[in-house]
Amino acid sequence: MNLQIDKKEVKPLDVEKMMHVYDFSSETIRTITTENLLPAALINRLQNCYPQHSGFVKTRTIFTDKTYYAGLKGFREIVGKLNENGIEISAVEEREFFIEIYRFLVTKHILNTIDWDNYENDPVYYLIFPQPGMINPEDIKLYVAAKSDEERRQVVETYQHKTNPHDGKQKLNKPWYVGSEGQLEILEGCQHKYPPIELILDSTTQNCFAFCTYCFRHAQVRGDEDMFAQQSVGQVHNYLKQHKEISDILITGGDGGYIPYERLLEYVKPLIDDPELVHIRTLRIGSRAITYHPEFLLSDKFAKILKLLKHTIDSGIQVVWMAHLSTPRELMNPGSVAAVKRLKSFGITVKSQSPIMNHISLYRDEYGKVDIDRSAQNWIDLGNVLAILGIGFHSMYCARPTGEHHYFTAPLADISKIFSKVFRSLASINRPSRHITMTSSAGKTSLMGTTVINGEKVFALKFNEARNMEWMDSVYFAEFDEQQNTIEKLKPYGADKYFYEDELAGIENRLEEALLKEMKQAENHDQ
(Lines give C-alpha, C1' and ligand atoms only; values in the text may rest on other atoms or scores of the structure.)
Protein backbone atom coordinates (compact mmCIF):
# COMPACT_ATOMS: atom_id res chain seq x y z
CA MET A 1 0.00 0.00 0.00
CA ASN A 2 1.34 3.43 -0.94
CA LEU A 3 0.97 6.12 1.71
CA GLN A 4 -0.22 9.33 0.11
CA ILE A 5 0.88 12.53 1.86
CA ASP A 6 -0.54 15.92 0.98
CA LYS A 7 2.66 17.96 0.70
CA LYS A 8 0.69 21.15 1.24
CA GLU A 9 -0.07 19.99 4.79
CA VAL A 10 3.55 19.12 5.62
CA LYS A 11 6.22 21.72 5.10
CA PRO A 12 9.57 20.09 5.91
CA LEU A 13 12.02 22.22 7.82
CA ASP A 14 15.29 23.15 6.17
CA VAL A 15 17.61 20.61 7.80
CA GLU A 16 20.74 21.98 6.13
CA LYS A 17 20.03 25.49 7.38
CA MET A 18 19.33 24.09 10.83
CA MET A 19 22.76 22.45 11.02
CA HIS A 20 24.48 25.73 10.13
CA VAL A 21 22.45 27.66 12.72
CA TYR A 22 23.80 25.27 15.38
CA ASP A 23 27.31 25.86 14.02
CA PHE A 24 27.96 22.18 13.26
CA SER A 25 31.40 21.32 11.95
CA SER A 26 31.82 20.12 8.38
CA GLU A 27 32.61 16.65 9.76
CA THR A 28 29.33 16.56 11.71
CA ILE A 29 27.34 17.75 8.70
CA ARG A 30 28.98 15.08 6.53
CA THR A 31 28.15 12.34 9.03
CA ILE A 32 24.54 13.44 9.36
CA THR A 33 24.11 13.69 5.60
CA THR A 34 25.91 10.46 4.69
CA GLU A 35 24.15 8.38 7.36
CA ASN A 36 20.75 10.11 6.90
CA LEU A 37 20.47 10.93 10.60
CA LEU A 38 17.98 13.80 10.29
CA PRO A 39 15.11 12.52 8.13
CA ALA A 40 12.91 15.48 7.23
CA ALA A 41 9.72 13.57 8.07
CA LEU A 42 10.99 12.83 11.59
CA ILE A 43 12.01 16.42 12.30
CA ASN A 44 8.75 17.65 10.85
CA ARG A 45 6.72 15.31 13.07
CA LEU A 46 8.56 16.42 16.21
CA GLN A 47 8.12 20.07 15.27
CA ASN A 48 4.41 19.71 14.47
CA CYS A 49 3.66 17.71 17.62
CA TYR A 50 5.69 19.73 20.11
CA PRO A 51 6.49 23.23 18.79
CA GLN A 52 6.47 24.59 22.37
CA HIS A 53 9.61 22.53 23.15
CA SER A 54 11.30 22.94 19.79
CA GLY A 55 14.80 24.13 19.09
CA PHE A 56 14.55 23.28 15.40
CA VAL A 57 13.45 26.73 14.21
CA LYS A 58 15.93 28.95 16.02
CA THR A 59 17.56 31.71 13.99
CA ARG A 60 20.08 33.24 16.43
CA THR A 61 23.34 31.60 17.51
CA ILE A 62 25.40 33.31 20.21
CA PHE A 63 28.10 30.75 20.94
CA THR A 64 30.33 29.78 18.00
CA ASP A 65 33.95 30.42 18.97
CA LYS A 66 34.80 27.36 21.13
CA THR A 67 33.45 23.94 22.10
CA TYR A 68 33.83 24.17 25.90
CA TYR A 69 33.55 26.85 28.58
CA ALA A 70 35.08 25.73 31.87
CA GLY A 71 35.41 27.07 35.43
CA LEU A 72 35.14 30.67 36.56
CA LYS A 73 36.98 31.84 33.48
CA GLY A 74 34.53 30.07 31.19
CA PHE A 75 31.53 31.32 33.15
CA ARG A 76 32.79 34.89 32.91
CA GLU A 77 33.34 34.49 29.17
CA ILE A 78 29.73 33.39 28.82
CA VAL A 79 28.47 36.32 30.89
CA GLY A 80 30.49 38.70 28.73
CA LYS A 81 29.19 37.17 25.50
CA LEU A 82 25.62 37.39 26.75
CA ASN A 83 26.14 41.03 27.73
CA GLU A 84 27.34 41.74 24.18
CA ASN A 85 24.00 40.37 22.98
CA GLY A 86 21.92 42.46 25.38
CA ILE A 87 21.39 39.69 27.98
CA GLU A 88 22.41 40.45 31.57
CA ILE A 89 22.71 37.60 34.09
CA SER A 90 22.05 38.63 37.71
CA ALA A 91 23.65 37.46 40.99
CA VAL A 92 27.03 36.78 39.39
CA GLU A 93 28.98 36.49 42.69
CA GLU A 94 26.46 34.03 44.11
CA ARG A 95 26.71 31.89 41.00
CA GLU A 96 30.50 32.02 41.16
CA PHE A 97 30.42 30.71 44.74
CA PHE A 98 28.46 27.68 43.51
CA ILE A 99 30.97 27.17 40.70
CA GLU A 100 33.92 27.15 43.10
CA ILE A 101 32.16 24.55 45.27
CA TYR A 102 31.02 22.19 42.53
CA ARG A 103 32.84 23.20 39.28
CA PHE A 104 31.36 24.45 36.01
CA LEU A 105 31.58 23.13 32.48
CA VAL A 106 29.26 23.64 29.52
CA THR A 107 29.44 23.00 25.80
CA LYS A 108 28.69 25.24 22.88
CA HIS A 109 25.88 22.85 21.94
CA ILE A 110 23.98 23.01 25.23
CA LEU A 111 24.36 26.80 25.39
CA ASN A 112 22.91 27.07 21.90
CA THR A 113 19.88 24.95 22.80
CA ILE A 114 18.79 27.56 25.36
CA ASP A 115 16.16 30.04 24.19
CA TRP A 116 18.07 33.17 25.18
CA ASP A 117 15.06 35.35 24.38
CA ASN A 118 13.19 33.56 27.17
CA TYR A 119 16.01 31.93 29.12
CA GLU A 120 14.47 32.35 32.59
CA ASN A 121 11.70 29.96 31.53
CA ASP A 122 14.01 27.49 29.79
CA PRO A 123 14.64 24.29 31.83
CA VAL A 124 18.05 23.76 30.23
CA TYR A 125 19.20 27.08 31.70
CA TYR A 126 18.49 25.72 35.19
CA LEU A 127 20.11 22.41 34.32
CA ILE A 128 23.56 23.91 33.72
CA PHE A 129 23.63 27.42 35.28
CA PRO A 130 23.84 27.89 39.05
CA GLN A 131 20.86 29.93 40.26
CA PRO A 132 20.21 32.42 43.05
CA GLY A 133 18.70 30.63 46.02
CA MET A 134 20.62 27.40 45.63
CA ILE A 135 23.03 28.15 48.47
CA ASN A 136 22.31 29.42 51.99
CA PRO A 137 22.42 33.27 52.04
CA GLU A 138 24.63 33.32 55.15
CA ASP A 139 27.33 31.31 53.39
CA ILE A 140 27.09 33.57 50.36
CA LYS A 141 27.69 36.61 52.59
CA LEU A 142 30.89 35.01 53.90
CA TYR A 143 32.10 34.39 50.36
CA VAL A 144 31.28 37.89 49.12
CA ALA A 145 32.83 39.51 52.20
CA ALA A 146 36.12 37.58 51.89
CA LYS A 147 39.03 40.01 51.46
CA SER A 148 41.47 37.67 49.72
CA ASP A 149 41.64 34.60 47.51
CA GLU A 150 42.80 32.58 50.52
CA GLU A 151 39.76 33.62 52.57
CA ARG A 152 37.44 32.75 49.70
CA ARG A 153 39.16 29.37 49.31
CA GLN A 154 38.58 28.62 53.01
CA VAL A 155 34.88 29.51 52.71
CA VAL A 156 34.58 27.24 49.68
CA GLU A 157 36.38 24.30 51.34
CA THR A 158 34.28 24.63 54.49
CA TYR A 159 31.12 24.51 52.44
CA GLN A 160 32.31 21.52 50.41
CA HIS A 161 32.37 19.45 53.60
CA LYS A 162 28.60 20.05 53.91
CA THR A 163 27.72 18.75 50.46
CA ASN A 164 27.37 15.03 51.35
CA PRO A 165 29.07 13.68 48.21
CA HIS A 166 28.75 9.99 49.15
CA ASP A 167 25.11 9.71 50.21
CA GLY A 168 23.64 6.26 50.77
CA LYS A 169 26.89 4.95 52.30
CA GLN A 170 28.35 4.38 48.82
CA LYS A 171 31.80 3.56 50.21
CA LEU A 172 30.38 0.29 51.57
CA ASN A 173 29.70 -0.74 47.98
CA LYS A 174 33.38 -1.07 47.02
CA PRO A 175 33.98 -4.70 45.98
CA TRP A 176 37.10 -6.65 46.90
CA TYR A 177 38.56 -10.12 46.58
CA VAL A 178 41.62 -12.07 47.72
CA GLY A 179 44.09 -12.66 44.89
CA SER A 180 45.83 -15.91 43.98
CA GLU A 181 48.81 -15.04 46.17
CA GLY A 182 46.73 -14.02 49.19
CA GLN A 183 46.85 -10.30 48.45
CA LEU A 184 43.79 -8.13 49.07
CA GLU A 185 42.44 -6.53 45.90
CA ILE A 186 40.07 -3.60 46.47
CA LEU A 187 38.33 -2.25 43.39
CA GLU A 188 38.65 1.43 44.28
CA GLY A 189 36.61 2.58 41.29
CA CYS A 190 33.72 0.11 41.41
CA GLN A 191 30.51 -0.44 43.28
CA HIS A 192 28.70 -3.75 43.69
CA LYS A 193 25.60 -3.16 45.77
CA TYR A 194 22.94 -5.20 43.93
CA PRO A 195 23.83 -8.78 42.89
CA PRO A 196 23.12 -8.52 39.12
CA ILE A 197 25.08 -5.33 38.38
CA GLU A 198 28.51 -3.88 38.96
CA LEU A 199 29.21 -0.17 38.47
CA ILE A 200 32.59 0.83 37.05
CA LEU A 201 33.73 4.40 37.60
CA ASP A 202 36.76 4.12 35.38
CA SER A 203 39.80 6.38 35.74
CA THR A 204 39.19 7.67 32.20
CA THR A 205 35.57 8.69 32.86
CA GLN A 206 36.11 11.15 35.71
CA ASN A 207 34.93 14.09 33.67
CA CYS A 208 31.70 15.13 31.98
CA PHE A 209 30.76 16.82 28.74
CA ALA A 210 28.99 19.41 30.92
CA PHE A 211 28.01 19.55 34.58
CA CYS A 212 24.46 19.32 35.92
CA THR A 213 23.70 21.75 38.73
CA TYR A 214 22.05 18.91 40.69
CA CYS A 215 24.94 16.44 40.24
CA PHE A 216 25.07 13.82 43.01
CA ARG A 217 28.57 12.64 42.02
CA HIS A 218 30.31 15.96 42.54
CA ALA A 219 33.08 14.17 44.46
CA GLN A 220 34.05 12.60 41.15
CA VAL A 221 34.04 15.63 38.88
CA ARG A 222 35.71 17.99 41.34
CA GLY A 223 38.37 15.41 42.21
CA ASP A 224 37.81 14.80 45.93
CA GLU A 225 40.45 12.63 47.62
CA ASP A 226 37.91 9.87 48.30
CA MET A 227 36.50 9.74 44.77
CA PHE A 228 35.93 6.39 43.04
CA ALA A 229 38.40 5.79 40.18
CA GLN A 230 39.12 2.33 38.75
CA GLN A 231 42.70 1.96 37.54
CA SER A 232 43.02 -1.76 36.81
CA VAL A 233 40.80 -3.42 34.19
CA GLY A 234 42.21 -6.81 35.11
CA GLN A 235 40.88 -6.44 38.67
CA VAL A 236 37.38 -6.01 37.26
CA HIS A 237 37.57 -9.17 35.16
CA ASN A 238 39.01 -11.19 38.05
CA TYR A 239 36.19 -10.03 40.29
CA LEU A 240 33.56 -10.81 37.65
CA LYS A 241 34.93 -14.36 37.31
CA GLN A 242 34.35 -14.89 41.03
CA HIS A 243 30.83 -13.43 40.95
CA LYS A 244 28.67 -15.28 38.46
CA GLU A 245 25.56 -13.54 39.79
CA ILE A 246 26.62 -10.41 37.90
CA SER A 247 24.95 -10.16 34.49
CA ASP A 248 25.34 -6.42 33.83
CA ILE A 249 28.23 -3.99 34.03
CA LEU A 250 27.67 -0.24 33.91
CA ILE A 251 30.49 2.06 32.86
CA THR A 252 29.76 5.41 34.46
CA GLY A 253 31.62 8.33 36.04
CA GLY A 254 31.67 11.32 35.56
CA ASP A 255 30.42 10.35 32.14
CA GLY A 256 30.85 6.85 30.75
CA GLY A 257 30.85 8.28 27.23
CA TYR A 258 34.30 9.69 27.95
CA ILE A 259 35.94 6.25 27.85
CA PRO A 260 38.54 6.02 25.03
CA TYR A 261 38.37 3.27 22.43
CA GLU A 262 41.52 1.52 23.72
CA ARG A 263 40.24 1.45 27.30
CA LEU A 264 36.79 0.24 26.26
CA LEU A 265 38.43 -2.53 24.21
CA GLU A 266 40.29 -3.66 27.36
CA TYR A 267 36.96 -4.12 29.12
CA VAL A 268 34.97 -5.59 26.24
CA LYS A 269 37.33 -8.04 24.49
CA PRO A 270 37.54 -10.50 27.43
CA LEU A 271 33.74 -10.33 27.80
CA ILE A 272 33.49 -11.61 24.23
CA ASP A 273 36.43 -14.06 24.20
CA ASP A 274 36.77 -15.49 27.72
CA PRO A 275 34.36 -18.40 28.50
CA GLU A 276 34.66 -17.57 32.21
CA LEU A 277 32.88 -14.28 31.53
CA VAL A 278 29.99 -15.64 29.50
CA HIS A 279 27.58 -14.72 32.32
CA ILE A 280 27.91 -11.03 31.40
CA ARG A 281 24.90 -10.30 29.22
CA THR A 282 24.63 -6.52 29.19
CA LEU A 283 27.07 -3.64 28.89
CA ARG A 284 25.59 -0.29 29.93
CA ILE A 285 27.20 3.09 29.35
CA GLY A 286 25.86 5.93 31.49
CA SER A 287 26.24 9.20 29.57
CA ARG A 288 24.68 12.60 28.92
CA ALA A 289 26.53 13.09 25.64
CA ILE A 290 23.20 13.09 23.76
CA THR A 291 22.19 16.20 25.69
CA TYR A 292 25.51 17.93 26.17
CA HIS A 293 27.79 17.09 23.25
CA PRO A 294 26.06 15.18 20.45
CA GLU A 295 28.76 16.26 17.98
CA PHE A 296 31.13 13.94 19.86
CA LEU A 297 28.80 11.01 19.07
CA LEU A 298 28.68 12.16 15.45
CA SER A 299 32.45 12.39 15.00
CA ASP A 300 34.70 10.12 12.95
CA LYS A 301 36.62 9.33 16.13
CA PHE A 302 33.51 7.93 17.80
CA ALA A 303 32.75 5.72 14.79
CA LYS A 304 35.51 3.38 15.98
CA ILE A 305 33.72 2.94 19.32
CA LEU A 306 30.41 2.38 17.53
CA LYS A 307 31.94 -0.44 15.49
CA LEU A 308 33.31 -2.02 18.68
CA LEU A 309 29.91 -1.81 20.34
CA LYS A 310 28.26 -3.30 17.23
CA HIS A 311 30.73 -6.21 17.40
CA THR A 312 29.85 -6.61 21.09
CA ILE A 313 26.13 -6.79 20.21
CA ASP A 314 26.81 -9.28 17.41
CA SER A 315 28.65 -11.40 19.98
CA GLY A 316 25.50 -11.71 22.09
CA ILE A 317 26.04 -8.94 24.64
CA GLN A 318 23.34 -6.29 24.82
CA VAL A 319 24.68 -2.71 24.74
CA VAL A 320 22.52 -0.04 26.37
CA TRP A 321 23.22 3.69 26.27
CA MET A 322 21.75 5.03 29.52
CA ALA A 323 20.82 8.68 29.00
CA HIS A 324 19.37 11.09 31.58
CA LEU A 325 16.59 13.07 29.93
CA SER A 326 14.09 15.11 31.95
CA THR A 327 12.57 17.49 29.41
CA PRO A 328 11.70 17.46 25.70
CA ARG A 329 13.90 20.57 25.31
CA GLU A 330 17.01 18.43 25.71
CA LEU A 331 16.09 16.32 22.67
CA MET A 332 14.30 18.78 20.40
CA ASN A 333 17.35 19.93 18.47
CA PRO A 334 19.13 18.52 15.41
CA GLY A 335 22.30 17.42 17.22
CA SER A 336 20.56 15.30 19.85
CA VAL A 337 18.18 13.70 17.36
CA ALA A 338 21.06 12.80 15.02
CA ALA A 339 23.10 11.36 17.91
CA VAL A 340 20.21 9.12 19.00
CA LYS A 341 19.66 7.98 15.42
CA ARG A 342 23.35 7.12 15.02
CA LEU A 343 23.52 5.08 18.23
CA LYS A 344 20.43 3.13 17.25
CA SER A 345 21.67 2.55 13.70
CA PHE A 346 24.53 0.50 15.19
CA GLY A 347 22.09 -1.66 17.18
CA ILE A 348 22.61 0.14 20.51
CA THR A 349 19.56 0.30 22.79
CA VAL A 350 18.97 3.81 24.12
CA LYS A 351 17.11 4.28 27.42
CA SER A 352 16.53 7.19 29.76
CA GLN A 353 16.78 7.25 33.54
CA SER A 354 15.07 10.57 34.15
CA PRO A 355 15.76 12.78 37.19
CA ILE A 356 12.73 14.56 38.68
CA MET A 357 14.12 18.00 39.52
CA ASN A 358 12.39 21.14 40.73
CA HIS A 359 12.90 24.12 38.36
CA ILE A 360 13.94 21.75 35.53
CA SER A 361 11.23 19.11 35.17
CA LEU A 362 8.91 20.21 37.99
CA TYR A 363 7.31 23.64 38.04
CA ARG A 364 5.74 25.94 40.61
CA ASP A 365 2.57 27.99 40.31
CA GLU A 366 2.19 31.67 41.21
CA TYR A 367 1.73 30.73 44.88
CA GLY A 368 4.94 28.72 45.07
CA LYS A 369 3.18 25.34 45.12
CA VAL A 370 4.06 22.49 42.78
CA ASP A 371 2.02 22.86 39.60
CA ILE A 372 0.79 19.28 39.19
CA ASP A 373 -0.76 19.68 35.74
CA ARG A 374 2.07 21.65 34.13
CA SER A 375 4.74 19.37 35.62
CA ALA A 376 2.90 16.24 34.53
CA GLN A 377 2.51 17.62 31.01
CA ASN A 378 6.30 18.03 30.76
CA TRP A 379 6.71 14.33 31.53
CA ILE A 380 3.87 13.25 29.25
CA ASP A 381 5.41 15.21 26.39
CA LEU A 382 8.83 13.74 27.19
CA GLY A 383 7.43 10.20 27.17
CA ASN A 384 5.93 10.75 23.74
CA VAL A 385 9.08 12.38 22.32
CA LEU A 386 11.11 9.43 23.64
CA ALA A 387 8.68 7.13 21.85
CA ILE A 388 9.00 9.01 18.56
CA LEU A 389 12.78 8.63 18.76
CA GLY A 390 12.67 5.00 19.88
CA ILE A 391 14.18 5.66 23.33
CA GLY A 392 13.05 3.44 26.21
CA PHE A 393 11.58 5.32 29.18
CA HIS A 394 13.42 3.36 31.88
CA SER A 395 12.57 5.24 35.07
CA MET A 396 11.87 8.50 36.90
CA TYR A 397 13.85 9.08 40.09
CA CYS A 398 13.84 11.67 42.87
CA ALA A 399 16.65 14.01 43.84
CA ARG A 400 19.21 12.33 46.09
CA PRO A 401 19.99 13.99 49.46
CA THR A 402 23.27 15.47 48.30
CA GLY A 403 24.45 18.82 46.95
CA GLU A 404 21.74 21.49 47.00
CA HIS A 405 18.96 18.97 47.56
CA HIS A 406 16.60 21.54 49.08
CA TYR A 407 16.52 23.50 45.80
CA PHE A 408 15.83 20.58 43.47
CA THR A 409 13.42 18.51 45.52
CA ALA A 410 9.66 18.70 46.02
CA PRO A 411 7.18 17.01 48.39
CA LEU A 412 6.79 13.30 47.65
CA ALA A 413 3.01 13.68 47.87
CA ASP A 414 3.09 16.09 44.91
CA ILE A 415 5.56 13.98 42.93
CA SER A 416 3.29 10.97 43.44
CA LYS A 417 0.32 12.89 41.98
CA ILE A 418 2.44 13.93 38.99
CA PHE A 419 3.63 10.37 38.37
CA SER A 420 0.08 8.99 38.56
CA LYS A 421 -1.11 11.47 35.94
CA VAL A 422 1.87 10.70 33.68
CA PHE A 423 1.39 6.94 34.02
CA ARG A 424 -2.32 6.98 33.15
CA SER A 425 -1.82 9.45 30.27
CA LEU A 426 0.86 7.58 28.32
CA ALA A 427 0.28 4.46 26.26
CA SER A 428 1.48 1.41 28.21
CA ILE A 429 4.44 0.83 25.87
CA ASN A 430 5.67 4.39 26.44
CA ARG A 431 5.38 4.57 30.23
CA PRO A 432 8.38 4.61 32.57
CA SER A 433 9.06 1.04 33.60
CA ARG A 434 9.16 1.79 37.31
CA HIS A 435 7.44 3.93 39.87
CA ILE A 436 9.24 7.05 41.06
CA THR A 437 12.37 5.93 42.85
CA MET A 438 14.83 7.19 45.44
CA THR A 439 18.16 5.64 46.42
CA SER A 440 19.36 5.04 49.98
CA SER A 441 21.80 2.63 51.59
CA ALA A 442 19.03 0.01 51.74
CA GLY A 443 18.41 0.14 47.99
CA LYS A 444 16.22 1.81 45.40
CA THR A 445 12.78 2.36 46.86
CA SER A 446 9.73 2.97 44.70
CA LEU A 447 6.89 5.15 45.90
CA MET A 448 3.95 3.22 44.46
CA GLY A 449 1.30 5.72 45.53
CA THR A 450 -1.15 6.07 48.39
CA THR A 451 -3.82 3.89 49.94
CA VAL A 452 -6.01 3.92 53.06
CA ILE A 453 -5.53 1.59 56.04
CA ASN A 454 -7.94 1.76 59.00
CA GLY A 455 -9.17 5.09 57.73
CA GLU A 456 -5.65 6.56 57.51
CA LYS A 457 -3.94 7.62 54.30
CA VAL A 458 -0.51 5.99 53.86
CA PHE A 459 2.28 5.73 51.29
CA ALA A 460 2.82 2.31 49.70
CA LEU A 461 6.52 1.51 49.15
CA LYS A 462 8.42 -1.30 47.45
CA PHE A 463 12.07 -1.95 46.65
CA ASN A 464 13.06 -2.39 43.02
CA GLU A 465 16.73 -2.97 43.98
CA ALA A 466 17.96 -3.87 47.47
CA ARG A 467 20.99 -5.03 49.44
CA ASN A 468 18.93 -8.18 50.03
CA MET A 469 17.01 -8.74 46.78
CA GLU A 470 14.30 -10.70 48.66
CA TRP A 471 13.18 -7.40 50.20
CA MET A 472 11.82 -6.62 46.74
CA ASP A 473 9.04 -9.17 47.30
CA SER A 474 7.28 -7.08 49.97
CA VAL A 475 5.10 -3.99 49.80
CA TYR A 476 5.36 -1.93 52.97
CA PHE A 477 3.82 1.28 54.26
CA ALA A 478 4.84 4.68 55.59
CA GLU A 479 2.86 7.44 57.21
CA PHE A 480 1.48 9.92 54.70
CA ASP A 481 3.29 13.25 54.85
CA GLU A 482 2.31 16.27 52.76
CA GLN A 483 5.75 17.94 52.97
CA GLN A 484 8.45 15.26 53.27
CA ASN A 485 10.73 15.13 50.23
CA THR A 486 12.95 12.14 51.05
CA ILE A 487 11.69 8.55 51.12
CA GLU A 488 14.35 7.56 53.64
CA LYS A 489 12.90 10.05 56.17
CA LEU A 490 9.31 8.83 55.95
CA LYS A 491 8.08 7.26 59.19
CA PRO A 492 7.01 3.60 59.20
CA TYR A 493 3.26 3.10 59.44
CA GLY A 494 2.10 1.15 62.49
CA ALA A 495 5.61 0.19 63.60
CA ASP A 496 8.74 1.60 65.17
CA LYS A 497 10.89 0.61 62.20
CA TYR A 498 10.69 -0.87 58.73
CA PHE A 499 10.84 -4.64 58.26
CA TYR A 500 14.35 -4.51 56.78
CA GLU A 501 16.11 -2.13 59.17
CA ASP A 502 17.68 -4.68 61.54
CA GLU A 503 18.92 -6.81 58.65
CA LEU A 504 20.26 -3.71 56.86
CA ALA A 505 22.28 -2.73 59.93
CA GLY A 506 23.71 -6.24 60.06
CA ILE A 507 24.61 -6.20 56.37
CA GLU A 508 26.33 -2.82 56.66
CA ASN A 509 28.27 -3.96 59.73
CA ARG A 510 29.35 -7.21 58.06
CA LEU A 511 30.51 -5.39 54.94
CA GLU A 512 32.66 -3.04 57.00
CA GLU A 513 33.99 -5.73 59.34
CA ALA A 514 34.83 -8.16 56.52
CA LEU A 515 36.85 -5.55 54.67
CA LEU A 516 38.70 -4.47 57.84
CA LYS A 517 39.49 -8.12 58.61
CA GLU A 518 40.87 -8.77 55.12
CA MET A 519 42.89 -5.57 55.25
CA LYS A 520 44.46 -6.69 58.51
CA GLN A 521 45.22 -10.17 57.12
CA ALA A 522 46.71 -8.64 54.00
CA GLU A 523 48.91 -6.42 56.16
CA ASN A 524 50.15 -9.46 58.11
CA HIS A 525 50.66 -11.34 54.82
CA ASP A 526 52.83 -8.54 53.45
CA GLN A 527 54.97 -8.53 56.59
Side-chain angles (χ1 to χ4, degrees), residues 31-32 34-39 42 190 194 196-202 204-205 209 230 233 236-237 239-241 243-253 255-291 293-325 331 336-353 386-395 429 433:
T31 299
I32 290 173
T34 302
E35 299 180 21
N36 190 29
L37 300 178
L38 288 177
L42 172 62
C190 291
Y194 312 123
I197 182 166
E198 179 177 2
L199 275 63
I200 303 168
L201 292 84
D202 191 72
T204 66
T205 63
F209 296 103
Q230 185 61 31
V233 177
V236 174
H237 292 138
Y239 183 79
L240 291 173
K241 288 175 183 179
H243 290 268
K244 303 295 185 181
E245 75 276 15
I246 299 174
S247 62
D248 291 35
I249 60 172
L250 167 59
I251 296 176
T252 180
D255 194 299
Y258 247 93
I259 192 165
Y261 170 83
E262 292 76 14
R263 185 70 163 179
L264 182 60
L265 182 63
E266 278 189 75
Y267 279 108
V268 168
K269 195 172 187 305
L271 301 182
I272 296 171
D273 297 339
D274 192 333
E276 288 192 70
L277 293 171
V278 73
H279 57 290
I280 303 303
R281 300 181 180 91
T282 304
L283 167 66
R284 307 185 205 173
I285 298 175
S287 174
R288 291 204 73 148
I290 290 169
T291 297
H293 196 19
E295 282 201 77
F296 170 73
L297 302 181
L298 299 167
S299 66
D300 292 342
K301 178 181 178 182
F302 191 71
K304 197 174 181 181
I305 289 179
L306 287 170
K307 289 173 184 175
L308 173 59
L309 295 178
K310 177 68 165 60
H311 176 58
T312 304
I313 294 166
D314 291 342
S315 301
I317 298 172
Q318 179 182 210
V319 175
V320 184
W321 193 273
M322 298 303 303
H324 301 265
L325 303 160
L331 282 167
S336 294
V337 170
V340 171
K341 289 282 290 179
R342 195 180 204 204
L343 290 170
K344 289 178 64 63
S345 72
F346 279 81
I348 297 165
T349 300
V350 183
K351 291 194 174 188
S352 178
Q353 293 175 291
L386 293 175
I388 290 171
L389 292 173
I391 299 173
F393 198 166
H394 182 65
S395 60
I429 199 71
S433 60

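- We find the CG-CD1 distance between L297 and I305 to be 9.0 Å, quoted to the nearest 0.5 Å.
- For S395 (side chain) and Q353 (main-chain N/O), no donor-acceptor pair under 3.5 Å exists by modelled atom type.
- The main-chain N or O of H324 is found under 3.5 Å from a side-chain atom of R288 such that the two form a donor-acceptor pair.
- Side-chain atoms of K244 come within 3.5 Å of backbone N or O of E276 as a donor-acceptor pair.
- In terms of modelled atom types and a separation under 3.5 Å, the side chain of K344 and the main chain of G390 share a donor-acceptor contact.
- The main-chain N or O of Y267 is found under 3.5 Å from a side-chain atom of H237 such that the two form a donor-acceptor pair.
- In this structure a side-chain-to-backbone donor-acceptor pair under 3.5 Å is missing from T205 to L201.
- Although no hydrogens or angles enter the test, the distance criterion places no donor-acceptor pair under 3.5 Å between the side chain of T252 and the main chain of G286.
- Remark: the backbone N or O of L240 is paired with a side-chain donor or acceptor of H279 at under 3.5 angstrom.
- Under the 3.5 Å distance criterion, the side-chain polar atoms of R284 are left unmatched by any main-chain donor or acceptor of M322.
- Within 6.0 Å of NZ on K307 lie no more than 12 heavy atoms contributed by other residues, nucleotides or ligands.
- S352 places a side-chain N or O within donor-acceptor distance of the main-chain N or O of L325, the cut-off being under 3.5 Å.
- With sequence neighbours excluded, the residues satisfying side-chain hydrogen bond (donor to acceptor under 3.5 Å, both in side chains) with K269 are D273.
- The aromatic rings of F209 and F296 are tilted relative to each other, their planes meeting at an angle between 30° and 60°.
- When every heavy atom of G257 is checked against every heavy atom of D255, the shortest pair comes out as N-OD1, 2.7 Å.
- Here the closest non-hydrogen pair linking L37 and K341 is O-CG, 3.5 Å.
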